[in-house]
Structures are given as C-alpha cells and as structure tokens.
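Every heavy atom of this structure was used, including side-chain atoms; hydrogens, water molecules and symmetry mates were not. Bear in mind that the values here come from a model prediction, so they are computed numbers and not experimental data.
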Amino acid sequence: MYRNLNDFLTEWSQSVDGTKAVLKALEDDKLDQSIVEGHNSLGWLGWHLVNSPVFFVSLVGIDLESPYDPDSVPTKASEILEAYEDISKRVVEKAKEQFTDEALVNEVADFGGPAPKGSILRMLVSHQIHHRGQMTVLLRQAGLEVPGVMGPTKEEQQ
C-alpha cells in the first residue's frame, strides 16, 4: 500500500518503463500469439494494459478520460505502445492533480469491501506487472526478443 504519493509515482514510473520495454518487443504479425487458442493474445494483453488503468484509478475517484476503446485491439504494435505511453502519462498527471499523501489512506469501496486508495493504486501496479509477465512468456513463445525488465533474461546473460 502506498502512503506517500511520491512512492506511488516512483514505482509507477519504474513499472511503466518495464512495460514499455515489453511493448517495444511486440511485432505486428505476432500480436495474435497466445499460449493456446482461445486465451489472451499478446495484442489483447498489451491493449488491456492500456485500458486497465482507467478502471483502477476510477476506484480511487479519478476520472481518467481515455480515447481508447477497450474492445478494439489495434493491429499495429506501435499503436499499442503509443497509447500506453499516453495513458501512463495521464495517470501521473491526474495523480499529481488530485492526490495528497493524506488522501492515500482514505478508504473507498473495493471488490471485497472498503480499501485505502493507496492499496488500490498498489493493485494497479501489481496488475500491470502480472500481465507484463504473461507477455514475456508469449514473446518467447513467438520467437521474439524478451527484454530484461526486472533483471537480465537468459539471452542477455550469454
């Protein structure tokens, strides 16, 4: 849980950098790569990372206006990356505008009951890391380069 706005902004920035590295590894012809047919694809997961911050910050009272349709996954990897860069910047701007350290401990309705806003923001970061991890598996399965996000990959150690 975040009790300090700067702690959230710092960790968000680090997480965004890692996610951008993964999104930069995407290629248009591999966006439909999934672990097995019928599961989430690289393109869908990338687009989900563009759109999910809107949901999480809405839980803490931030209206994050987004021009991106969650149901319309782009066919170009560059469009996913550009949209992610945009939405991640919007999260920072809105957080700086609307939050103080004191506000992070205020409780709001959550999935299972009341939760501090700082806890929900931590879920946002964790959610991003979770899906980014799924994407790294799919990148390798698709034969694409896997960036070292939280340490070097096997390929980077050779």
Checklist entry - side-chain contact (heavy atoms from CB on, under 4.5 Å) between Q128 and S52: does it pass, once the steps are laid out? => result CA-CA 8 Å; Q128 176 170 260; S52 59; over 6 Å; no
Next on the checklist: Suppose we screen for side chain to side chain contact (heavy atoms under 4.5 Å, CB included). Which residues come up paired with L31, at least two apart in sequence or across chains?
Outcome noted: L26, A77, I80
Checklist entry - Quick one: do L59 and L49 end up in the same hydrophobic cluster if we chain Ile, Leu, Val, Met, Phe, Trp and Tyr together by side-chain heavy atoms under 4.5 Å apart? => result yes
Checklist entry - Does E82 reach the side chain of D86, with side-chain heavy atoms less than 4.5 Å apart? => result no
Checklist entry - Looking only at heavy atoms, what is the nearest atom pair of I120 and V108, with distance? => result CD1-CG2, 3.4 Å
Item to check | Rounded distance [0.5 Å steps], CZ in R122 versus CH2 in W12 | outcome: 11.5 Å
Checklist outcome for this item: Nearest heavy-atom contact between V54 and S66 is CG2-CB, 3.7 Å
Next on the checklist: List the residues meeting ring-ring contact (aromatic ring centres under 6.0 Å, His included) with Y84, not counting sequence neighbours, and say none if there are none.
Outcome noted: none
Next on the checklist: Can you tell me how far apart CG (D110) and OG (S119) are? Round to the nearest 0.5 Å.
Outcome noted: 7.0 Å
Checklist entry - Within the distance-only criterion (no hydrogens, no angle test), does the side chain of K117 pair as donor or acceptor with the backbone N or O of V105 below 3.5 angstrom? => result no
Item to check | Polar side-chain atom of T136 near backbone of G133 as donor-acceptor pair, under 3.5 Å | outcome: yes
Checklist entry - Does one hydrophobic cluster hold both M123 and L121, with members joined at side-chain heavy-atom distances below 4.5 Å? => result yes
Item to check | Separation of E27 CD from L139 CG (nearest 0.5 Å) | outcome: 9.5 Å
Item to check | Parallel, tilted or perpendicular: rings of H48 and W44 (30°, 60°) | outcome: parallel
Checklist entry - Is there a donor-acceptor pair under 3.5 Å between the side chain of N51 and the backbone N or O of W47? => result yes
Checklist outcome for this item: Rounding to 0.5 Å, atoms NE2 (H131) and OG (S126) come to a distance of 11.5 Å
Next on the checklist: If you compare all heavy atoms of L124 against all heavy atoms of P53, which two are closest, and at what distance to 0.1 Å?
Outcome noted: CD1-CA, 3.8 Å
Checklist entry - Quick one: CD1 on I35 to CD on Q141, what's the gap to the nearest 0.5 Å? => result 4.0 Å
Checklist entry - Closest approach of L23 and M135, non-hydrogen atoms and distance? => result CD2-CE, 3.8 Å
Next on the checklist: For F99 and K94: C-alpha separation, side-chain torsions, deciding distance, then whether side-chain contact (heavy atoms from CB on, under 4.5 Å) applies.
Outcome noted: CA-CA 8 Å; F99 277 114; K94 290 292 187 175; over 6 Å; no
Checklist entry - Between S13 and T10, is there a donor-acceptor pair closer than 3.5 Å when you use the side chain of the first and the backbone of the second? => result no
Item to check | Interatomic spacing from CD in E145 to OG1 in T153 - rounded to 0.5 Å | outcome: 7.5 Å
Item to check | Under 3.5 Å: donor-acceptor pair, side chain of E156, backbone of G148 | outcome: yes
Checklist entry - What do the steps show when you test E65 against R90 for salt bridge (Lys or Arg N to Asp or Glu O under 4.0 Å), and what is the final call? => result CA-CA 9 Å; E65 296 176 18; R90 291 176 191 231; 5.7 Å; no
Item to check | Nearest atoms (heavy-atom pairs only) where A21 meets P147 | outcome: O-CG, 3.5 Å
Next on the checklist: side-chain contact (heavy atoms from CB on, under 4.5 Å), that's the test. Do R3 and D7 meet it? Break it down for me.
Outcome noted: CA-CA 8 Å; R3 290 179 173 80; D7 289 348; over 6 Å; no
Item to check | Donor-acceptor contact present, side-chain E79 to main-chain K76, <3.5 Å | outcome: no
Checklist outcome for this item: For A142 and L42, the nearest pair of non-hydrogen atoms, with its separation, is CB-CD1, 4.5 Å
Next on the checklist: A quick test of your reading: do over 12 heavy atoms of other residues, nucleotides or ligands sit less than 6.0 Å from CD of E97?
Outcome noted: yes
Checklist entry - If two hydrophobic side chains count as joined below 4.5 Å and joins carry through other members, does L9 share a cluster with V60? => result yes
Checklist entry - Is the side chain of N4 donor-acceptor paired with the backbone N or O of D101 at a distance under 3.5 Å, no angle test? => result no
Checklist entry - Where do R140 and Q33 land on the side-chain contact (heavy atoms from CB on, under 4.5 Å) test, with the steps shown first? => result CA-CA 10 Å; R140 182 162 281 123; Q33 179 70 47; over 6 Å; no
Item to check | Single-linkage hydrophobic cluster, 4.5 Å side-chain cutoff, L5 and L64 together | outcome: yes
Next on the checklist: Is it true that, when you exclude E107 itself, more than 12 heavy atoms of the residues, nucleotides or ligands shown sit nearer than 6.0 Å to its CD?
Outcome noted: yes
Item to check | Exam field: side chain T19 to backbone S15, donor-acceptor pair closer than 3.5 Å | outcome: yes
